[in-house]
Amino acid sequence: MSSDKTVRVRVAPSPTGDPHVGTAYVTLFNYVFAKQNGGKLILRVEDTDQNRYRKASEERILKGLKWLGLQCDEGPDVGGSYGPYRQSERLPLYKKYAKTLLEKEKAYHCFCTQERLAEARETQKKEGGRFGYDRHCRYLDKSEVEKKLQGGISSVIRLKMPTEGEGSFIDELRGPITIDYNQLDDQILMKSDGFPTYHLANVVDDHEMKITHVIRAEEWISSTPKHVTLYEAFGWEKPQFIHLPLLRNTDKSKISKRKNPVSLDFYRRKGILPETMINFLGLMGWSFKAEEREKFSLEEMVSSFKFSDISLGGPVFDQKKLSWLNQQYIQTMPQEKFLKHCREEMFSESILKSIYPLVRERLDSFDEFFEKFSFFFTLDLKYENLSLVPKEKTASEMKTIFLELSLLLDEIDIWSLATVTQVMNSYLKDKALKPKEFYMPLRLILTGRQDSPPLLETMEALGRDVVRYRLQWVCDHIFTG
RNA sequence: GUCCCCAUCGUCUAGCCCGGCCCAGGACACCGCCUUUUCACGGCGGCGACGCGGGUUCAAAUCCCGCUGGGGACGCCA
């Protein structure tokens, strides 16, 4: 790859939930490539979806990447000369460029309602063939468009894609990729709420931030021709495109929280060391060929990394191998580091403080501490002698209940006693569940015992990841059949 | 459904670009043995893959084509 200009790469997470292992994975490869080339890694927050936006998410993502040692050179927390680094703070820029496209007649206003589009999609689905916008508004005449705009009819701005021929680009790992334009529809660039879509914001920002290499996940391949069309519409130089394979669940589907823990917070709580996680992610699709070993550091990866050494099959994220690798790191941990980890991660101030009010009233002496409260520290509980299914319910009913609950808890933005309580109460009311057949099983699931501190406070202290993990585990292993 | 991407042990992968050194190497998991007062670690061994079919070639895991399989995309999500 030519190096006539400074390498600038970026990672662009969307603050909609957990700090995701997939984000860490893509960040790792961006980081390694940047470091190796004396380039810069930019972190850009893609918060253009008002519905999915979660306030607490950005901070958790930043914290997660920092935990892994993937420090960015520019970003919302560290600043930089190409800011702001949150797309929600760059709205005027997107408006300006959308206007440019309108003026160049590369884009147009579309007044179609979401209902009409949904109907059209439905029809297309029945008839088979491709799904896509029928370009109804593309051929509206100017006076009509003007009239509708004056009338304040809600509209979006769409990109005029070529209607025939094919679009292609070079993927640095796969070679040329060509897609027929009849497969691509006129992408929405500006939504009716005035926010840009990914496609516009992404291209504008990559250009403005002088990004040289777009290193992102494979799921973006099919929309890359749209991005290329945008670059060309603006007359901008295109970056190089590199699409990384997608991390997979055991069943080979794209990794997802329903089938696999994906939160960095979860793995941290589980006691996976950051260097283990980095090493493990580095093993996904890449291998350390300099020497024949699987254990290597971030620095070692930086020094011998080559994109051409990436294999393109989608790697399954295997918990067992992760654990084994972690063991390798623990075995060789210097005493100092070991103690530090116990102090700061296992018995951290924050965990101890959160359980203090719950345990202090229930302790005759400190030697009972682990016997009574181990569930605050262990991840996997034993349910052998507990009956989790009350008499009046079946296992599959319980499964439905707790899966639904898990989903609701997942929606909580800021995890606190108040928010958890609110979700729990409204769910109980919604489903008209008797507290007896709901709270006791939940208590058993979350603590592994019948005597525990108050449930809601316990949930708050356990944290979202642990609660969700236990619910999921029980649904998968006990509420079966 | 349409398009795109991918294809070596159950899993992560080496080998593939530049065909022969590969009846395919390593690691996880699993099984057995050894070590050991226990458990773990460790050591040794076992199980286990080039998806299928056609070409090209003296020779194919490696190159070409087709099929099959898996995945992704097709949103006023990213």
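In what follows, chains are A, B, ... by sequence order, proteins preceding strands, each numbered from 1.
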Within 45° cone and under 6.0 Å: A:Lys238 NZ/CZ vs A:Tyr231 ring: no
Sugar-phosphate, base or nothing in reach of A:Ser223, heavy atoms under 4.0 Å: nothing
Listed nucleotide nearest any side-chain atom of A:Ile177, set B:G15, B:U11, B:C5: B:C5
Side-chain N or O of A:Arg52 closer than 4.0 Å to phosphate OP1/OP2 of B:A78: no
Separation of the C1' atoms in B:U8 and B:G25, to the nearest angstrom: 11 Å
Spacing between A:Arg216 atom CZ and B:C4 atom P, to the nearest angstrom: 18 Å
Touch class at under 4.0 angstrom, heavy-atom based, for A:Val156 against every strand present: base
Cation-aromatic face contact A:Arg158/A:Tyr133, 6.0 Å, 45 degrees: yes
Within the 6.0 Å centroid threshold, strictly below: A:Phe29 and A:Tyr25: yes
A:Phe280 CZ - B:A27 P separation (whole Å): 17 Å
C1' gap between B:G43 and B:U36, integer Å: 12 Å
Pairing partner of B:G20 (Watson-Crick or G-U wobble, both distances under 3.5 Å): B:C58
A:Gln328 CD - B:A29 C1' separation (whole Å): 14 Å
Qualifying residue, where the test is side-chain hydrogen bond (donor to acceptor under 3.5 Å, both in side chains) with A:His243 and the options are A:Arg216, A:Arg174, A:Glu218, A:Glu172: A:Arg216
Rounded distance in Å between the P positions of B:U2 and B:C12: 29 Å
Inter-nucleotide P distance (B:C52, B:C58), Å rounded: 24 Å
Under 3.5 Å on both distances, the Watson-Crick or G-U partner of B:C77: none
Touch class at under 4.0 angstrom, heavy-atom based, for A:Arg174 against every strand present: sugar-phosphate
N or O in side chain of A:Lys254 less than 4.0 angstrom from B:A73 OP1/OP2: yes
Atom-to-atom span, CD of A:Glu218 to C1' of B:C3 - whole angstrom: 14 Å
Closest nucleotide among B:A78, B:C12, B:C77 to the A:Ser14 side chain: B:A78
Phosphate-side-chain proximity, A:Lys252 and B:G72, N/O vs OP1/OP2 below 4.0 Å: no
A:Asp309 side chain to A:Trp286 backbone, donor-acceptor under 3.5 Å: no
Selection from B:C76, B:A78, B:G72 that lies nearest to any side-chain heavy atom of A:Thr48: B:A78
Euclidean distance, atom CZ of residue A:Phe288 to atom P of B:A14 [Å, nearest integer]: 14 Å
Position toward the 5' end of RNA chain B (nearest nucleotide), A:Leu246 or A:Asp47: A:Leu246
Separation of the C1' atoms in B:U13 and B:A61, to the nearest angstrom: 14 Å
Candidate nucleotides B:A78, B:C28, B:G70, ranked by approach to the side chain of A:Asp49 - the nearest: B:A78
Sugar-phosphate only, base, or nothing, as touched by A:Thr16 at under 4.0 Å among non-hydrogen atoms: nothing
Geometric cation-pi criterion A:Lys321 and A:Phe280, 6.0 Å radius, 45° cone: no
Rounded interatomic separation in angstrom, taking CZ from A:Arg54 and C1' from B:A78: 14 Å
Distance, C1' atom - from B:A24 to B:G15, rounded to whole angstrom: 8 Å
Lys/Arg cation over aromatic A:Tyr82: A:Arg8, 6.0 Å, 45° cone: yes
G-U wobble or Watson-Crick pairing nucleotide for B:G66 (cut-off 3.5 Å, both distances): B:C52
Distance test, side-chain N/O of A:Lys320 to OP1/OP2 of B:U11, below 4.0 Å: no
Spacing of A:Arg269 atom CZ and A:Phe377 atom CZ [to the nearest 0.5 Å]: 8.0 Å
Touch class at under 4.0 angstrom, heavy-atom based, for A:Glu294 against every strand present: base
Candidate nucleotides B:A73, B:U11, B:A14, ranked by approach to the side chain of A:Val316 - the nearest: B:U11
Per A:Gln331 side chain, nearest of listed nucleotides B:G42, B:G75, B:A78: B:G42
Out of B:A78, B:C28, B:G72, whichever nucleotide has its closest atom nearest the side chain of A:Thr197: B:A78
Pairwise C1' distance, B:A49 and B:A27 [rounded to whole Å]: 15 Å
P-based separation of B:A29 from B:U38 [nearest Å]: 22 Å
Closest to the A:Tyr198 side chain, choosing from B:C5, B:U11, B:A78: B:A78
Spacing between A:Glu291 atom CD and B:A14 atom C1', to the nearest angstrom: 15 Å
Sugar-phosphate, base or nothing in reach of A:Arg293, heavy atoms under 4.0 Å: nothing
Among B:A27, B:A73, B:G71, the one nearest A:Lys321 by side-chain distance: B:A27
Atom pair distance, as rounded to whole Å: CD in A:Gln319 and P in B:U11: 16 Å
N or O in side chain of A:Ser287 less than 4.0 angstrom from B:A14 OP1/OP2: yes
Listed nucleotide nearest any side-chain atom of A:Glu219, set B:A29, B:A78, B:G75: B:A78
Touch class at under 4.0 angstrom, heavy-atom based, for A:Ser192 against every strand present: base
Touch class at under 4.0 angstrom, heavy-atom based, for A:Met284 against every strand present: sugar-phosphate
G-U wobble or Watson-Crick pairing nucleotide for B:C28 (cut-off 3.5 Å, both distances): B:G10
Distance below 4.0 Å between A:Lys191 side-chain N/O and B:A78 OP1 or OP2: yes
A:Glu299/A:Lys35 under salt bridge (charged side-chain N to carboxylate O under 4.0 Å, His left out): CA gap, chis, key distance, verdict: CA-CA 9 Å; A:Glu299 292 68 34; A:Lys35 283 286 166 266; over 6 Å; no
